[in-house]
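Right, one structure below, let's go through it.
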There are 2 protein chains.
Amino acid sequence: MLIQTDFRQQAHPSRADGFVVSALLAHARPCAVTLYAENSVIYAQGDAAGPLYLVEFGAVRLCRLTADGRRQISAFHFAGEVFGFEFDAEHHHFAESVDSAGIRLLRRAVDDHLAESVLPLALRNLSRAQDHLLVLGRQNATEKIAAFLLDLAERQDADTLLSLPMQRTDIADYLGLTFETVSRILRKLKDARIIQLPTIKQVEVINLPALERLCG
Amino acid sequence: MLIQTDFRQQAHPSRADGFVVSALLAHARPCAVTLYAENSVIYAQGDAAGPLYLVEFGAVRLCRLTADGRRQISAFHFAGEVFGFEFDAEHHHFAESVDSAGIRLLRRAVDDHLAESVLPLALRNLSRAQDHLLVLGRQNATEKIAAFLLDLAERQDADTLLSLPMQRTDIADYLGLTFETVSRILRKLKDARIIQLPTIKQVEVINLPALERLCG
DNA sequence: CGAATTATTGAAACATGTCAAGGATCGTGG
DNA sequence: CCACGATCCTTGACATGTTTCAATAATTCG
């Protein structure tokens, strides 16, 4: 946590959730935005849960670890998305900023109409998690990467040039692969003229239909 | 859908969710219970979503398919649990009874305090899905089966003798394995004197600590 | 009892992981 | 601005866990 600024007037680059997020902001007691540097911990496993978190800009990852240190990233969250939901009083994940990210804390207002605007956001996150179950359980490495890129494309509203704020290890831990495999599959898609890799943190989709066909 | 009976007085064998489910029933307009025979469709992908479903007895599976027919079971639901959540107006899964199951339909009451009692249940399902992401993404076949059995043990309130209402293919499609691998791992656990298989649909845990150690 | 379904088991194939080396990129300090 | 070290990424060769294919056994249902 580095700086506190007030971005209250800032437009949300959110898409489908924009309407719901607005409703939420109307009922919550929005605080100032906190700026997190790359790889900062936003909350840790075991921390008290309660407030929600709205990504103003940047990207966030939600992680869990096994006893022997293997990591699973349950979700990435981008600008306009809300995270921090727990069914009990304690966080079961830890949340970290991927790149430099601005996060607005949403505390529950006293008049608790909050639940009504919170539910759709929780259900959206549930739906995303369920989509991801299919990817992890039943898709091979190529299909996983293709699904990941298409999801990014949709959430970035960018048809062709995607930014990959996270590093290869993050992608691997999100998709249940190793970073070597992520690297190899990206290479394969590049060789197949489906994507290009202008920089290490950018992907340009040059054959979207082919990418969609790869998704299984 | 076969028979309509009214089980309204029946006690719920639910554990952690029991309190929340009671609150939900108080606000919803509970209908009679519908009895589904084995492998009946409760709702299909694309059906209109809206009402929730409470499992009175039996077991339910939520499934998705890839274009080429691979299946992922997102969740099993047992007595006392609620399913059917969607963030939009349409079902993204299909729900089927595993064995003979009784399902109560919960329609939204006019006074919509419903959201407040629904949110905890949605969050519980989100939490389960997230737990399962770790299993699918980062655990090997043995760990997956161990985690599955321990989850069953917890939800059945049975320390030692578990019933497996679903067949091997269902377990496989839930854990991202093939049914042959499920069979082999069960055999391995049996040979290691961690479980016994008195019948094809029962597992007796005879070394619980060992099973817990296997979970990673 | 017999047929159909479901489960078990084995052998071989394959996708992904592991280990290892080299190359690119980034940040820092001279 | 360049050089250096650290980190991250790429690529290759080999190992391995899981799948695939196939045959047999057990179970269920009519």
Side-chain angles (χ1 to χ4, degrees), chain A residues 37-39 61 66 68-73 96 98-100 135-148 163-192 195-203 214 216, chain B residues 37-39 61 66 68-73 96 98-100 135-148 163-192 195-203 214 216:
Chain A
E38 260 186 67
N39 299 311
R61 59 176 176 253
T66 62
D68 61 345
R70 285 169 285 174
R71 184 178 71 155
Q72 176 65 39
I73 295 183
E96 295 174 323
V98 169
D99 50 3
S100 180
V135 173
L136 289 183
R138 285 288 173 238
Q139 313 235 102
N140 63 31
T142 305
E143 294 169 331
K144 284 175 176 182
I145 297 284
F148 175 68
S163 86
L164 289 186
M166 68 292 291
Q167 51 189 45
R168 301 294 186 263
T169 303
D170 286 336
I171 300 175
D173 286 350
Y174 179 61
L175 296 176
L177 300 170
T178 60
F179 62 88
E180 293 98 329
T181 300
V182 170
S183 192
R184 274 187 266 262
I185 302 289
L186 287 174
R187 175 69 201 282
K188 195 180 102 178
L189 296 179
K190 184 182 162 195
D191 288 350
I195 62 170
Q196 277 180 327
L197 299 165
T199 76
I200 216 163
K201 301 229 148 170
Q202 285 186 315
V203 174
L214 279 181
Chain B
E38 261 186 67
N39 299 312
R61 58 175 176 256
T66 62
D68 60 345
R70 284 169 286 174
R71 185 178 69 154
Q72 176 65 39
I73 296 184
E96 295 174 323
V98 170
D99 50 4
S100 178
V135 173
L136 290 182
R138 285 289 174 236
Q139 313 236 100
N140 63 29
T142 306
E143 294 168 332
K144 284 176 176 180
I145 296 283
F148 174 69
S163 85
L164 289 186
M166 67 293 289
Q167 50 188 47
R168 301 292 186 264
T169 303
D170 287 337
I171 301 175
D173 287 350
Y174 178 61
L175 296 176
L177 300 169
T178 60
F179 61 87
E180 293 98 329
T181 300
V182 170
S183 194
R184 275 187 264 263
I185 303 288
L186 286 174
R187 175 71 201 280
K188 194 180 102 178
L189 295 179
K190 185 182 161 196
D191 288 351
I195 63 171
Q196 277 179 327
L197 299 166
T199 78
I200 216 162
K201 300 228 149 171
Q202 286 185 314
V203 174
L214 280 181

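Heavy atoms only: backbone and side chains are in, while hydrogens, waters and symmetry mates are out. Keep in mind the model is a prediction, meaning the values are calculated, not measured. Residue numbers start from 1 in every chain, and the chains themselves are labelled A, B, ... in the order their sequence lines are given, proteins ahead of strands.
Atoms CG (D173(A)) and P (dC8(D)) sit 13 Å apart, rounded to a whole Å. Rounded to an integer number of Å, the gap from K201(B) NZ to dT8(C) P is 11 Å. Computed from coordinates, the N39(A) CG to dC26(C) P distance equals 15 Å when rounded to whole Å. Atom P of nucleotide dT18(D) and atom CG of L136(B) are separated by 13 Å, given to the nearest angstrom. The separation between L197(A) atom CG and dC9(D) atom P is 12 Å, rounded to whole Å. Q167(B) places its CD atom 14 Å from the C1' atom of dA26(D), with the value rounded to the nearest Å. E38(B) has its CD atom 9 Å from the P atom of dT6(C), to the nearest Å. We find that NZ of K190(A) is positioned 7 Å from P of dT11(D), with the value rounded to whole Å.
The existence of a salt bridge linking D170(A) and R71(A) is confirmed by a sub-4.0 Å separation between a basic side-chain nitrogen and an acidic carboxylate oxygen.
Residues satisfying the side-chain hydrogen bond (donor to acceptor under 3.5 Å, both in side chains) test with E143(B), not counting sequence neighbours, are R70(A).
Here the shortest heavy-atom pairing between L177(A) and A141(A) reads CD2-CB, 4.0 Å. The minimum heavy-atom distance linking A147(B) with Q139(B) is given by the pair CB-NE2, 4.1 Å.
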Heavy-atom protein contacts under 4.0 Å, nucleotides 11-20 of chain C, coded B base, S sugar-phosphate only, - none = B----SSBB-

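Surrounding NZ of K201(B) are more than 12 heavy atoms belonging to other residues, nucleotides or ligands, all under 6.0 Å away.
Along DNA chain D, the nucleotide nearest to R168(A) and the one nearest to V182(B) differ in position, and the one closer to the 5' end is contacted by R168(A).
Comparing dA7(C), dT25(C), dT11(D) by their nearest atom to the side chain of R187(A) picks out dT11(D).
Between the CG atom in L186(B) and the CG atom in D191(B) there is a gap of 11.0 Å [rounded to 0.5 Å].
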